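In what follows, chains are A, B, ... by sequence order, proteins preceding strands, each numbered from 1. Given the structure is predicted, the values throughout are model-derived calculations rather than measurements.
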Amino acid sequence: MGRPTRGAPVVRWTSPPNAVARELLGWELRAGEVRVRLTEVEAYGGVGADPASHAHRGRTRRNAVMFGPPGYLYVYFVFGMHWCLNVVCGPEGEAAAVLLRAGAVTAGLDAVRRRRPGARSDAELARGPARLAQALGVDGTANGTSLVDGTGPLVLRPPRRRPVGEDIRSGPRVGVAAAAEVPWRYWLAGEPSVSAYRRHAPRRRPAKVQP
DNA sequence: GATGCGATTCACT
DNA sequence: GTGAATCGCATCG
(Lines give C-alpha, C1' and ligand atoms only; values in the text may rest on other atoms or scores of the structure.)
Protein backbone atom coordinates (compact mmCIF):
# COMPACT_ATOMS: atom_id res chain seq x y z
CA MET A 1 0.00 0.00 0.00
CA GLY A 2 1.06 3.53 -0.47
CA ARG A 3 2.86 2.54 -3.64
CA PRO A 4 1.64 4.74 -6.46
CA THR A 5 -0.34 2.71 -8.91
CA ARG A 6 -0.54 3.36 -12.60
CA GLY A 7 -3.15 5.99 -13.29
CA ALA A 8 -3.21 7.13 -9.66
CA PRO A 9 -4.86 10.52 -9.32
CA VAL A 10 -2.53 13.48 -9.61
CA VAL A 11 -3.23 17.18 -9.66
CA ARG A 12 -1.57 18.88 -12.58
CA TRP A 13 -1.28 22.19 -10.84
CA THR A 14 -0.30 24.26 -13.83
CA SER A 15 -3.25 23.15 -15.96
CA PRO A 16 -6.03 25.66 -16.60
CA PRO A 17 -8.15 26.19 -13.48
CA ASN A 18 -11.17 24.37 -14.87
CA ALA A 19 -9.05 21.27 -15.50
CA VAL A 20 -7.62 21.44 -11.97
CA ALA A 21 -11.14 21.86 -10.57
CA ARG A 22 -12.27 18.68 -12.32
CA GLU A 23 -9.25 16.78 -11.05
CA LEU A 24 -9.91 17.81 -7.46
CA LEU A 25 -13.32 16.14 -7.31
CA GLY A 26 -13.17 13.14 -5.00
CA TRP A 27 -10.01 14.30 -3.25
CA GLU A 28 -10.06 14.32 0.52
CA LEU A 29 -9.30 17.19 2.86
CA ARG A 30 -7.97 16.22 6.25
CA ALA A 31 -8.09 18.49 9.26
CA GLY A 32 -6.93 16.37 12.17
CA GLU A 33 -9.43 13.56 12.60
CA VAL A 34 -11.96 15.22 10.31
CA ARG A 35 -11.99 14.14 6.68
CA VAL A 36 -14.12 15.58 3.88
CA ARG A 37 -14.40 14.23 0.35
CA LEU A 38 -14.81 17.02 -2.20
CA THR A 39 -18.03 16.73 -4.17
CA GLU A 40 -18.42 20.21 -5.64
CA VAL A 41 -15.89 22.84 -6.79
CA GLU A 42 -15.67 25.91 -9.00
CA ALA A 43 -12.77 27.28 -11.08
CA TYR A 44 -11.73 30.93 -11.13
CA GLY A 45 -9.24 32.51 -13.50
CA GLY A 46 -6.74 35.31 -13.32
CA VAL A 47 -6.12 38.93 -14.21
CA GLY A 48 -8.26 39.99 -17.13
CA ALA A 49 -9.20 36.37 -17.84
CA ASP A 50 -12.29 35.85 -15.71
CA PRO A 51 -14.55 38.74 -14.70
CA ALA A 52 -16.00 36.64 -11.89
CA SER A 53 -12.62 36.09 -10.25
CA HIS A 54 -11.32 38.03 -7.28
CA ALA A 55 -8.08 38.38 -9.22
CA HIS A 56 -9.68 39.80 -12.34
CA ARG A 57 -8.73 43.39 -11.56
CA GLY A 58 -5.26 42.62 -10.29
CA ARG A 59 -3.56 41.92 -7.03
CA THR A 60 -4.92 43.23 -3.73
CA ARG A 61 -4.03 42.34 -0.17
CA ARG A 62 -7.00 40.01 -0.05
CA ASN A 63 -6.23 38.00 -3.17
CA ALA A 64 -2.42 38.04 -2.95
CA VAL A 65 -2.23 34.31 -2.20
CA MET A 66 -3.86 33.59 -5.56
CA PHE A 67 -0.74 34.98 -7.24
CA GLY A 68 1.58 32.68 -5.34
CA PRO A 69 2.55 29.05 -5.98
CA PRO A 70 -0.14 26.37 -6.40
CA GLY A 71 -1.17 23.99 -3.64
CA TYR A 72 -1.79 26.74 -1.12
CA LEU A 73 -5.00 27.78 0.58
CA TYR A 74 -6.69 31.06 -0.32
CA VAL A 75 -9.28 31.92 2.35
CA TYR A 76 -11.51 34.94 1.98
CA PHE A 77 -14.19 36.57 4.10
CA VAL A 78 -17.56 37.32 2.55
CA PHE A 79 -20.79 39.03 3.60
CA GLY A 80 -19.15 40.12 6.82
CA MET A 81 -19.54 36.68 8.37
CA HIS A 82 -18.47 33.71 6.25
CA TRP A 83 -15.16 32.15 5.24
CA CYS A 84 -14.64 30.43 1.89
CA LEU A 85 -11.79 28.09 0.92
CA ASN A 86 -9.90 27.99 -2.37
CA VAL A 87 -7.01 25.92 -3.66
CA VAL A 88 -4.50 28.07 -5.52
CA CYS A 89 -3.53 26.61 -8.89
CA GLY A 90 -1.71 27.65 -12.05
CA PRO A 91 1.90 28.72 -12.36
CA GLU A 92 3.28 31.08 -9.71
CA GLY A 93 2.63 34.66 -10.74
CA GLU A 94 -0.60 33.81 -12.57
CA ALA A 95 -3.64 34.06 -10.35
CA ALA A 96 -6.05 31.12 -10.44
CA ALA A 97 -7.91 29.13 -7.86
CA VAL A 98 -10.55 26.49 -7.25
CA LEU A 99 -13.34 27.34 -4.83
CA LEU A 100 -14.25 24.40 -2.61
CA ARG A 101 -18.04 24.47 -2.56
CA ALA A 102 -19.09 21.27 -0.83
CA GLY A 103 -18.01 17.90 0.45
CA ALA A 104 -19.11 14.73 2.20
CA VAL A 105 -17.82 14.13 5.72
CA THR A 106 -16.08 10.75 5.72
CA ALA A 107 -14.46 10.86 9.18
CA GLY A 108 -14.80 12.83 12.36
CA LEU A 109 -18.58 13.08 12.09
CA ASP A 110 -19.07 13.81 15.77
CA ALA A 111 -16.60 16.69 15.73
CA VAL A 112 -18.26 18.22 12.68
CA ARG A 113 -21.74 17.85 14.18
CA ARG A 114 -20.55 19.79 17.19
CA ARG A 115 -19.23 22.55 14.94
CA ARG A 116 -22.46 22.72 12.94
CA PRO A 117 -25.27 22.14 15.46
CA GLY A 118 -27.82 23.66 13.07
CA ALA A 119 -27.35 21.00 10.40
CA ARG A 120 -30.45 18.87 9.96
CA SER A 121 -28.68 16.00 8.22
CA ASP A 122 -25.14 14.77 7.75
CA ALA A 123 -25.34 15.57 4.03
CA GLU A 124 -25.85 19.19 5.03
CA LEU A 125 -22.77 19.39 7.24
CA ALA A 126 -20.45 20.59 4.47
CA ARG A 127 -22.95 21.60 1.77
CA GLY A 128 -21.98 25.11 0.67
CA PRO A 129 -18.59 26.84 0.76
CA ALA A 130 -18.97 28.56 4.14
CA ARG A 131 -20.38 25.42 5.71
CA LEU A 132 -17.46 23.41 4.34
CA ALA A 133 -15.00 25.82 5.94
CA GLN A 134 -16.87 25.60 9.22
CA ALA A 135 -17.00 21.81 9.06
CA LEU A 136 -13.22 21.72 8.70
CA GLY A 137 -12.74 24.29 11.46
CA VAL A 138 -10.88 26.65 9.13
CA ASP A 139 -10.98 30.44 9.07
CA GLY A 140 -8.86 33.33 7.83
CA THR A 141 -5.90 32.32 9.94
CA ALA A 142 -5.32 29.46 7.47
CA ASN A 143 -4.95 31.83 4.51
CA GLY A 144 -1.70 31.17 2.68
CA THR A 145 -0.95 27.81 4.31
CA SER A 146 0.08 24.76 2.32
CA LEU A 147 -2.38 22.00 1.47
CA VAL A 148 0.26 19.50 0.46
CA ASP A 149 3.24 19.54 2.83
CA GLY A 150 1.51 19.10 6.19
CA THR A 151 2.61 22.46 7.61
CA GLY A 152 -0.92 23.88 7.54
CA PRO A 153 -4.17 22.86 9.21
CA LEU A 154 -5.43 21.13 6.05
CA VAL A 155 -3.92 18.37 3.97
CA LEU A 156 -5.18 17.34 0.55
CA ARG A 157 -5.07 13.59 -0.18
CA PRO A 158 -5.89 11.79 -3.42
CA PRO A 159 -8.87 9.48 -3.73
CA ARG A 160 -8.18 5.78 -4.10
CA ARG A 161 -9.75 5.98 -7.53
CA ARG A 162 -10.41 8.94 -9.72
CA PRO A 163 -14.14 9.54 -10.27
CA VAL A 164 -15.20 8.27 -13.68
CA GLY A 165 -16.07 10.93 -16.22
CA GLU A 166 -19.71 9.94 -16.38
CA ASP A 167 -20.13 10.89 -12.72
CA ILE A 168 -18.79 14.41 -13.22
CA ARG A 169 -21.27 17.15 -14.10
CA SER A 170 -20.62 20.79 -14.88
CA GLY A 171 -22.63 23.98 -15.11
CA PRO A 172 -22.61 27.70 -14.34
CA ARG A 173 -21.02 28.92 -11.14
CA VAL A 174 -23.28 29.67 -8.19
CA GLY A 175 -24.13 33.24 -7.25
CA VAL A 176 -21.90 34.71 -9.92
CA ALA A 177 -23.08 37.78 -11.81
CA ALA A 178 -20.18 38.21 -14.26
CA ALA A 179 -19.51 35.48 -16.84
CA ALA A 180 -22.69 33.75 -15.72
CA GLU A 181 -22.61 31.44 -18.73
CA VAL A 182 -19.16 29.96 -18.06
CA PRO A 183 -19.72 26.33 -16.93
CA TRP A 184 -16.86 26.17 -14.46
CA ARG A 185 -18.76 24.55 -11.62
CA TYR A 186 -18.10 20.82 -11.31
CA TRP A 187 -19.81 18.31 -9.08
CA LEU A 188 -20.27 14.58 -8.56
CA ALA A 189 -23.61 13.30 -9.79
CA GLY A 190 -25.88 11.83 -7.15
CA GLU A 191 -23.94 13.19 -4.17
CA PRO A 192 -26.38 14.49 -1.55
CA SER A 193 -23.78 16.94 -0.24
CA VAL A 194 -23.80 18.97 -3.48
CA SER A 195 -25.36 22.40 -2.98
CA ALA A 196 -28.39 23.63 -4.88
CA TYR A 197 -27.73 25.85 -7.86
CA ARG A 198 -28.63 29.47 -7.34
CA ARG A 199 -28.32 32.11 -9.97
CA HIS A 200 -26.97 35.49 -8.93
CA ALA A 201 -29.90 37.47 -7.53
CA PRO A 202 -29.82 41.07 -8.75
CA ARG A 203 -30.72 43.34 -5.89
CA ARG A 204 -33.80 45.38 -6.25
CA ARG A 205 -33.25 49.03 -5.71
CA PRO A 206 -35.11 50.36 -2.72
CA ALA A 207 -38.12 52.27 -3.98
CA LYS A 208 -37.60 55.99 -4.10
CA VAL A 209 -39.41 57.73 -1.29
CA GLN A 210 -41.57 60.59 -2.51
CA PRO A 211 -41.17 63.74 -0.37
C1' DG B 1 -14.57 59.91 2.04
C1' DA B 2 -19.08 57.80 0.90
C1' DT B 3 -21.62 54.34 -1.15
C1' DG B 4 -23.00 49.80 -2.86
C1' DC B 5 -22.74 45.09 -3.04
C1' DG B 6 -20.63 40.37 -2.92
C1' DA B 7 -17.77 33.11 -4.99
C1' DT B 8 -23.44 33.04 1.80
C1' DT B 9 -26.34 31.33 5.29
C1' DC B 10 -30.21 31.42 8.23
C1' DA B 11 -34.75 32.89 9.83
C1' DC B 12 -38.98 34.10 8.46
C1' DT B 13 -43.46 35.04 5.30
C1' DG C 1 -40.36 33.36 -1.84
C1' DT C 2 -37.63 37.69 0.88
C1' DG C 3 -34.45 40.17 4.07
C1' DA C 4 -30.79 40.70 7.50
C1' DA C 5 -26.26 40.10 9.28
C1' DT C 6 -21.79 42.89 8.61
C1' DC C 7 -16.58 43.45 6.43
C1' DG C 8 -13.47 44.38 2.46
C1' DC C 9 -12.96 46.23 -1.77
C1' DA C 10 -14.24 48.63 -6.15
C1' DT C 11 -16.14 52.65 -7.76
C1' DC C 12 -17.38 57.33 -7.84
C1' DG C 13 -17.00 61.95 -6.21
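Among C:dC7, B:dT8, C:dT11, the nucleotide with an atom closest to any side-chain atom of A:F77 is C:dC7. Ranking C:dC9, B:dT8, C:dA10 by closeness to the A:R62 side chain, first place goes to C:dC9.
Under a 4.0 Å N-O distance rule, the pair A:E191/A:R37 qualifies as a salt bridge.
Nearest heavy-atom pair across A:G103 and A:L132 is N-CD1, 4.3 Å.
Rounding to whole angstrom units, CZ of residue A:R120 and P of B:dT9 are separated by 14 Å. Between A:L100 atom CG and B:dT8 atom P there is a gap of 13 Å when expressed in whole angstrom units. Rounded to whole Å, atom P of B:dT9 lies 11 Å from atom CE of A:M81. A straight line from CZ of A:R127 to P of B:dT8 spans 15 Å, rounded to a whole angstrom. Atom CG of A:L99 and atom C1' of B:dT8 are 11 Å apart (whole Å). Residue A:F79 contributes atom CZ, which lies 16 Å from atom P of B:dG4 at whole-angstrom precision. To the nearest angstrom, C1' of C:dC9 lies 10 Å from CG of A:N63. Rounded to whole angstrom, the span from the CG atom of A:N86 across to the P atom of B:dG6 amounts to 18 Å.
In this structure B:dA7 sits in no base pair that meets the Watson-Crick or G-U test at under 3.5 Å. C:dT6 is unpaired under the criterion used here, namely a Watson-Crick or G-U wobble arrangement in which both key atom distances are under 3.5 Å. Summarising the base pairing, C:dG13 is matched to no nucleotide, lacking a Watson-Crick or G-U wobble pair whose two defining distances lie under 3.5 Å.
A:N143 contributes no side-chain N or O that, together with a main-chain N or O of A:V65, makes up a donor-acceptor pair within less than 3.5 Å. The backbone N or O of A:G32 lies less than 3.5 Å from no partner atom in the side chain of A:R35, so there is not a single donor-acceptor pair.
Crowding of A:R161 atom CZ: a count of heavy atoms from other residues, nucleotides or ligands under 6.0 Å not exceeding 12.
In this structure, A:T14 and A:V20 have side chains that are not in contact, with every pair of non-hydrogen atoms separated by 4.5 Å or more.
One finds no side-chain N or O of A:H54 lying less than 4.0 angstrom from the OP1 or OP2 phosphate oxygen of C:dC9. Here A:H200 reaches the OP1 or OP2 of B:dG6: one of its side-chain N or O atoms lies under 4.0 Å away.
Between the C1' atoms of C:dG1 and B:dA7, the separation comes to 23 Å (whole Å).
Both geometric conditions, a ring-centre gap below 5.5 Å and a plane tilt below 30°, are fulfilled for A:Y44 over the base of B:dA7.
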Please write out the pairs of protein N or O atoms and N or O atoms of nucleotides 10-13 of chain B separated by less than 3.5 Å, giving the distance to one decimal.
residue	atom	partner	partner atom	Å
B:dC10	OP1	A:R116	NH2	2.8
B:dC10	OP2	A:R131	NE	2.9
B:dC10	OP2	A:R131	NH2	2.4

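Counting any heavy atom pair closer than 4.0 Å across all strands shown, A:A177 reaches no nucleic acid atom.
Across A:R185, A:E42, A:R173, A:H54, a single residue satisfies side chain to side chain contact (heavy atoms under 4.5 Å, CB included) together with A:L99, and that is A:E42.
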Intermediate values then yes/no, side chain to side chain contact (heavy atoms under 4.5 Å, CB included), A:L73 and A:L154: CA-CA 9 Å; A:L73 194 59; A:L154 296 185; 3.9 Å; yes

